[in-house]
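To start, the structure itself, in structure tokens.
Keep in mind that what you see is a predicted model, and the values were worked out from it rather than measured.
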Amino acid sequence: MLLKYGMMQLGPLSFAGVNPILKILSIVFSPFVFLGLLTFVISMASHLYVLSKVELTYAYPFLSLAYVVVAFAAWFLFGEELNAARIGGIALICAGTILIARTGSTIADDVPVTITAKTHSTEGAIR
């Protein structure tokens, strides 16, 4: 949502007559686009954490719930259309995610690490 709003603030893009690298940097560092990219990085980091704990086939479908949130947020914030076909698709996404959630997941147990160290006796040593 931040990326969309940021790009709306920038208006139509044109690379005509400008250095493309400077144009891309000006886009990336515009406030809302930058916050959107930062949010995306945080989201991916949390997803990587989840992937380290549960099965991929369990975790990945939950990403589809982002489509549900974005569809309603875009309708509410930007006035985008939510017709019957889109609402039906959203219902299928929710139903599929619920079915997957009900199957459960094998959570990766933290394997305890045993560290053994050799100790040296100081008995009889001259100090």
- Item | Residue pair F32 / G6: nearest heavy atoms and the distance that separates them | CB-CA, 3.5 Å
- Item | Donor-acceptor contact below 3.5 Å, side chain S43 vs main chain T39 | no
- Those residues at least two apart in sequence (or on a different chain) that pass ring-ring contact (aromatic ring centres under 6.0 Å, His included) with F72 are none
- Query: When hydrophobic residues are tied together by side-chain contacts of less than 4.5 Å, even through go-betweens, does V41 share a cluster with L3?
  - Reply: no
- Distance-minimising heavy-atom pair for A59 and L51: CB-CD2, 3.9 Å
- Do V54 and L65 belong together in a cluster built from hydrophobic side chains that touch within less than 4.5 Å? yes
- Kindly indicate whether the side chain of W75, heavy atoms from C-beta on, has any atom under 4.5 Å from the side chain of R86. no
- Message: Let me check something: do I100 and L63 share a hydrophobic cluster, defined by ILVMFWY side-chain heavy atoms less than 4.5 Å apart, either directly or through other members?
- Response: no
- Item | Shortest non-hydrogen separation from V18 to K23 and the atoms involved | CG2-CB, 4.2 Å
- Task: May I ask you to decide if the ring planes of F29 and F34 are parallel, tilted or perpendicular, using 30° and 60° as cut-offs?
- Result: parallel
- Query: If you group Ile, Leu, Val, Met, Phe, Trp and Tyr by side-chain heavy-atom gaps below 4.5 Å, do L37 and L2 land in one group?
  - Reply: no
- Are the side chains of F62 and T97 in touch, meaning some heavy atoms are under 4.5 Å apart? yes
- Message: Within a 6.0 Å radius of atom OH on Y49, are there more than 12 heavy atoms belonging to other residues, nucleotides or ligands?
- Response: no
- Is any side-chain heavy atom of H47 less than 4.5 Å from a side-chain heavy atom of Y60? yes
- Same cluster (ILVMFWY, side-chain, under 4.5 Å), L82 and V69: no
- Which heavy atom in L10 sits nearest to a heavy atom in S30, and how many Å separate them? CD1-OG, 3.9 Å
- Message: Measuring only between side-chain heavy atoms, which start at C-beta, is Q9 closer than 4.5 Å to V33?
- Response: no
- Message: Here's a test for you: under side chain to side chain contact (heavy atoms under 4.5 Å, CB included), which of V28, I21, L22 qualifies with I24?
- Response: V28
- Task: Determine the minimum heavy-atom distance between V68 and C94, stating which atoms define it.
- Result: CG2-SG, 3.9 Å
- Item | Y67 atom OH: more than 12 heavy-atom contacts under 6.0 Å | no
- Task: Let me see the working for I27 and L13 under side-chain contact (heavy atoms from CB on, under 4.5 Å), right down to the final yes or no.
- Result: CA-CA 10 Å; I27 293 169; L13 288 182; 3.6 Å; yes
- Looking at E80 and K4, what are the two nearest heavy atoms and their distance? OE2-CE, 3.9 Å
- Query: Distance from M8 atom CE to L77 atom CG, nearest 0.5 Å?
  - Reply: 9.5 Å
